[in-house]
Amino acid sequence: MARVVVDVMPKPEILDPQGQAVAGALVRLGVDGVADVRQGKHFELEVDDSVDDETLHRIAGQLLANPVIEDWVVTRA
């Protein structure tokens with residue numbers, strides 16, 4: 001079995017209200033130096049060797065991410 005990590009993030013041109021809320025909270029907590037926060041999703045999949053990269057990208061693009069507003073990266077760990 002192999003571990004596959006899929007990280008999904010909003011595209012740069014998409015507003016990220018959750019990231020903005022975290023950035024605002026950091027300021028209220030007195031944390032300086034954080035210029036921007038973007039919040040995404042992190043998935044870990046355990047797959048056998050029969051699952052190829054094309055299938056993993058299809059899973060990410062059709063199930064885990066919204067390709068209109070999100071980008072994703074698939075990494076075999």
Side-chain angles (χ1 to χ4, degrees):
M1 298 294 269
R3 176 175 291 175
V4 175
V5 174
V6 179
D7 288 308
V8 179
M9 293 295 293
K11 291 184 177 185
E13 63 271 14
I14 299 298
L15 270 175
D16 183 4
Q18 292 174 314
Q20 290 174 339
V22 171
L26 290 171
V27 171
R28 288 190 300 278
L29 290 172
V31 177
D32 296 324
V34 179
D36 191 28
V37 176
R38 304 285 289 173
Q39 182 172 326
K41 299 177 275 189
H42 177 88
F43 299 91
E44 293 182 2
L45 292 78
E46 293 287 334
V47 300
D48 62 37
D49 293 334
S50 69
V51 180
D52 61 6
D53 289 347
E54 181 181 335
T55 301
L56 292 170
H57 283 277
R58 192 171 76 242
I59 290 168
Q62 292 180 348
L63 179 64
L64 304 178
N66 178 344
V68 174
I69 62 170
E70 296 174 316
D71 293 324
W72 62 89
V73 175
V74 177
T75 307
R76 285 188 183 264

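All residue numbers in this chain count up from 1 along the given sequence. For the numbers below, each heavy atom of this structure counts, side chains included, while hydrogens, waters and symmetry mates do not.
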Please give me the minimum heavy-atom distance between [X] and [Y], naming the atom from each residue.
{"X": "Asp16", "Y": "Val37", "result": "OD2-O, 3.9 Å"}
{"X": "Pro67", "Y": "Ala65", "result": "CD-O, 3.4 Å"}
{"X": "Asp7", "Y": "His42", "result": "OD1-ND1, 2.6 Å"}
{"X": "Gln39", "Y": "Pro10", "result": "O-CD, 3.3 Å"}
{"X": "Lys41", "Y": "Leu64", "result": "NZ-O, 3.2 Å"}

Surrounding CG of Asp49 (heavy atoms of other residues, nucleotides or ligands, distance under 6.0 Å), is the total greater than 12? no
Using 0.5 Å steps for rounding, measure from the NE2 atom of His57 to the CD atom of Gln62. 13.0 Å
Could you grab the distance from atom CG of Leu63 to atom CZ of Phe43, nearest 0.5 Å is fine? 7.5 Å
same_hphob_cluster(Val27, Leu29) at 4.5 Å side-chain heavy-atom cutoff: no
In the single-linkage hydrophobic clustering (I, L, V, M, F, W, Y; side-chain heavy atoms under 4.5 Å), do Met9 and Val6 co-cluster? no
With sequence neighbours excluded, tell me which residues meet side-chain contact (heavy atoms from CB on, under 4.5 Å) with Glu46. Met1, Arg3
So do the side chains of Val74 and Asp53 get within less than 4.5 Å of each other, counting heavy atoms only? no
What pairs with Lys11 under side-chain hydrogen bond (donor to acceptor under 3.5 Å, both in side chains), at least two apart in sequence or on another chain? none
